[in-house]
Student: 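One structure follows; several queries about it will come next.
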Amino acid sequence: MSKAHRGKGIRELAFRGRGTCPVCLRENTKILYEQEVGEGDAKKKIQICKTCKAAVKHGKKSLPTA
Ligand SMILES: [Zn+2]
């Protein structure tokens, strides 16, 4: 699916894809990107915002371990 993070596609998500990003703690931002956190059994997926996704990818931000 193209444009999975824009337009009509995100209207159907809870809160229209918006919420508080667990990494930068900005409120009512679009959190559309899945990121795995933790090791082994504690591994889980969280939803983070676009800028944090990019920052994590480049090693500029660390994820919350909770
Ligand atoms: Zn963020």
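Numbering of ligands and ligand atoms starts at 1, following listing order. Predicted, not measured: the structure shown is a model, and the values here were computed from it.
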Student: Suppose the cut-off is 2.8 Å; which protein N/O/S atoms would you list for the Zn ion (ligand 1)?
Tutor: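 Listed by chain and number, the atoms are Cys21 SG, Cys24 SG, Cys49 SG, Cys52 SG.
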Student: Scan the side chains in residues 54-63 for donor-acceptor partners under 3.5 Å anywhere in the protein, sequence neighbours excluded, and list what turns up.
Tutor:
from  : atom 1 : to    : atom 2 : distance (Å)
His58 : ND1    : Ala54 : O      : 3.0

Student: Could you list all the ring pair (Phe, Tyr, Trp, His ring centres under 6.0 Å) pairs where at least one residue sits in residues 14-51, not counting sequence neighbours?
Tutor: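 Residue pairs passing ring pair (Phe, Tyr, Trp, His ring centres under 6.0 Å), neighbours aside: His5-Tyr33.
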Student: What salt bridge (charged side-chain N to carboxylate O under 4.0 Å, His left out) pairs are there with at least one residue in residues 13-38, not counting sequence neighbours?
Tutor: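 Passing the test, one end in residues 13-38: Glu34-Lys45, Glu36-Lys43.
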Student: Locate the shortest heavy-atom distance separating Pro22 from Ile46; write the atom from each residue and the value.
Tutor: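 What the structure gives for the nearest pair is CG-CD1, 4.0 Å.
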Student: If we check side-chain contact (heavy atoms from CB on, under 4.5 Å) with Lys53, which of these qualifies: Val23, Ile48, Leu32?
Tutor: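 The passing option is Ile48.
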Student: Check Cys21 against Cys52 and note the closest heavy-atom contact, atom names and distance.
Tutor: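 In terms of heavy atoms, the two residues are closest at SG-SG, 3.7 Å.
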